[in-house]
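Let me begin by presenting the structure, written as structure tokens, before commenting on it.
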Protein chains: 2
Amino acid sequence: MLDRIHLTIIQEVEKQGSLTAAANVLCLTQSALSHSMKKLEQQLGTDIWLREGRSLRLTQSGQYLLEVANRVLPQLTLAEERLRQFSQGERGTLRIGMECHPCYQWLLKVVSPYLAAWPDVDVDVKQKFQFGGIGALFGYEIDMLVTPDPLYKTGLHFQPVFDYEQVLVVGPQHRLRNAGFIQPEQLAEETLITYPVEIDRLDIYTQFMMPAGISPKRHKPIETTDIMLQMVASGRGVAALPRWLVSEYTTKFDVAPVRLGKHGIAKQIFLGIRESDAHIDYVKAFVELAQARHDMQEHKA
Amino acid sequence: MLDRIHLTIIQEVEKQGSLTAAANVLCLTQSALSHSMKKLEQQLGTDIWLREGRSLRLTQSGQYLLEVANRVLPQLTLAEERLRQFSQGERGTLRIGMECHPCYQWLLKVVSPYLAAWPDVDVDVKQKFQFGGIGALFGYEIDMLVTPDPLYKTGLHFQPVFDYEQVLVVGPQHRLRNAGFIQPEQLAEETLITYPVEIDRLDIYTQFMMPAGISPKRHKPIETTDIMLQMVASGRGVAALPRWLVSEYTTKFDVAPVRLGKHGIAKQIFLGIRESDAHIDYVKAFVELAQARHDMQEHKA
DNA sequence: CATAACGTATGAATAATATTCATCAATTTG
DNA sequence: CAAATTGATGAATATTATTCATACGTTATG
């Protein structure tokens, strides 16, 4: 069977000019090369070299094999180099899953410096999962999960990476705009605009209105943050978003944040990975980058 | 070292779904595959499969290796197939050298049916040789030589493939046009047009004029047969060409052949090969094709 | 829920293969 | 022409691959 060693020998013999010289370079004896190639020639049924006195000249088969060697061997050495990079965690693909809209905003800020620091790592972002984010993590659909709902299970590791306050966003001249904070009842006559997800994943429902037995007058799902705030700014309803996100949009739209309840709704985003991946350099680096940003945030607060 | 067998195993395991099934297909034991791959994993420093219960899942490294396998293995099997074809003489490159202009005309007629019969054989035609045609044959510059001057030496094999008469070509109203044959002296006042080669390779000199101590009034070298005959037809000189070649041009130009000397100049073209190549199918086929045409020609005559 | 069936891992034994050593023949070099 | 160099080759040896026997864990089944 035509094997890597044969291609290597042919290439080296051509480079060195003789079996003996090639044998030295390859740390083998001349005899070994001679035996190897003779066997190959017998198996292929064609000579690779014409033996002329004590020198070798490639036959047509030999020339062809040399071309194959020059083409194939680099592919194998590249593969080995790549695998070394994989094993050192220098290269890979980081598939990040996300389960919430604020997560996405946060991610954008982290990925950019990460990509710069790890040029050989590809980052894929996925948003839909058949069995939920945790399932996707366990099922190797993704390698990392950004979520507000950690699930501390064996085999997984979660850590908080971002703290924020969920606030109500109102437009100009809204009657609640200057309230220090609001009570659930004050939303009963409002149109509530949210991302199009199940109600039990909306904190303003689960943590604010549902405990008080209140529903908004109307509920309107909107895909994008921009459109959502545009509608809020034009007085078509109110929304619930992270305070920091609202702050970023106040120059663009005339909207204002209002605290939900006396103490506000405190939220956290978590980063989850499989514990078995914790040693991989480029995974570790991502977690550490997130950690560092989190520490910075706490220091400011 | 990443070797062909490893790529084969990875590919087959993926195809069959398990080590055990792949082992059967590859005519090895499950144990052999397990040992092989474990060793590779240790050398590469990275796992290829994640062992989950009794099934295997490719890691990133493994997926990458599978891609490499799918890309590289076909190249190796193709190479083996090509080498088999080389060994069977079904495929190759036939480098044909030529030393005379009539040779080229003859070759064109033979190559065309040959290429049709041997679609996997490339034919290269070369016309310039550092050490002459024979030298090129010995030096493996070419595999076949078409020449009027065979040299029967050990290691080479020549055989005649074309007989023809070298004749003088004259234009319309030429004073020699209707002579049955001419003597050397009758060329003393003519302009002789020939291909641009050394005089001692021109038969009309070596076999006709030089023995009689005669030179033409002028000697004009012309590259192509067409231009040459055009000049002859316009009365600008006379030329020496094979009779059959002149016949082919009589419809195109108003030229006529005249015998050189009472018995004419008889010429032969020979086909030479290295004896060591005589067994190669596509070489043998070419020689036989030439032989067949020669026999046909003799039969007609 | 026990148990059969199946898949992988592993150490030791064995078989197969590659490599070396010693030597020859042929060719080139000085 | 002697010395040096190169490739080929058979036998001895070392290395490597493969098998065998078996263990361990998972999955399927009645």
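A quick note: this is a predicted structure, and the numbers were derived from the prediction, not measured. Throughout, a chain's letter reflects where its sequence line sits, starting with A, and its residues are numbered from 1.
A heavy-atom distance below 4.5 Å is found between the side chains of A:Leu65 and A:Leu7.
Distance A:Gln42 CD to C:dT17 P: 14 Å, rounded to the nearest Å. Nucleotide D:dG25 holds its P atom 18 Å from the CG atom of B:Leu19, rounded to whole Å. Going from atom CG of B:Asp3 over to atom C1' of C:dA18 covers 13 Å, rounded to whole Å. Going from atom CG of A:Leu26 over to atom P of C:dT20 covers 11 Å, rounded to whole Å. In this structure, A:Leu50 places its CG atom 12 Å from P of D:dA8, rounding to the nearest Å. For A:Asn24 and C:dT20, the CG to P distance is 11 Å, given to the nearest whole Å. To the nearest angstrom, C1' of C:dT19 lies 11 Å from CD1 of A:Ile9.
Classified by interplanar angle (parallel below 30°, tilted 30° to 60°, perpendicular above 60°), the ring pair A:His101/A:Tyr195 is parallel. The aromatic rings of B:Phe286 and B:Tyr114 lie perpendicular to each other, with more than 60° between the two planes, well past the 30° mark.
When the side-chain nitrogen and oxygen atoms of B:Lys38 are compared with OP1 and OP2 of C:dT10, one or more of them lie within a distance under 4.0 Å. For B:Ser55 and C:dG7, the shortest distance from a side-chain N or O to OP1 or OP2 is not below 4.0 Å.
The overall bend of the helix from C:dC1-D:dG30 to C:dG30-D:dC1, read as the angle between its terminal helix axes built from five base pairs each, is 30° when rounded to 10 degrees.
Salt bridge status for A:Glu41 with A:Arg51: present, with a side-chain N to carboxylate O gap under 4.0 Å. A salt bridge is defined here as a Lys NZ or Arg NE, NH1 or NH2 lying under 4.0 Å from an Asp or Glu carboxylate O, and B:Asp143 with B:Arg95 meets this definition. Here B:Arg84 pairs with B:Glu81 in a salt bridge; the nearest charged N to carboxylate O distance falls below 4.0 Å.
Using modelled atom types, one finds a donor on one side chain and an acceptor on the other under 3.5 Å when comparing A:Gln11 with A:Asn70.
Taking only side-chain atoms of B:Leu28, from C-beta outward, the nucleotide of C:dA9, D:dG25, D:dT18 with the closest atom is D:dT18.
If B:Arg51 and A:Glu52 are placed on DNA chain C by their nearest nucleotide, the residue sitting closer to the 5' end is B:Arg51.
Listed by residue number, the members of residues 29-37 of chain B with any heavy atom below 4.0 angstrom from DNA chain C are B:Gln30, B:Ser31, B:Ser34, B:His35.
In this model, a side-chain donor or acceptor of B:Arg54 finds a partner on the base of D:dT26 within 3.5 Å.
B:Thr46 approaches A:Leu83 most closely through the heavy-atom pair CG2-O, 4.2 Å.
Atom CG of A:Leu2 is separated from atom CD of B:Gln75 by 11.5 Å, given to the nearest 0.5 angstrom.
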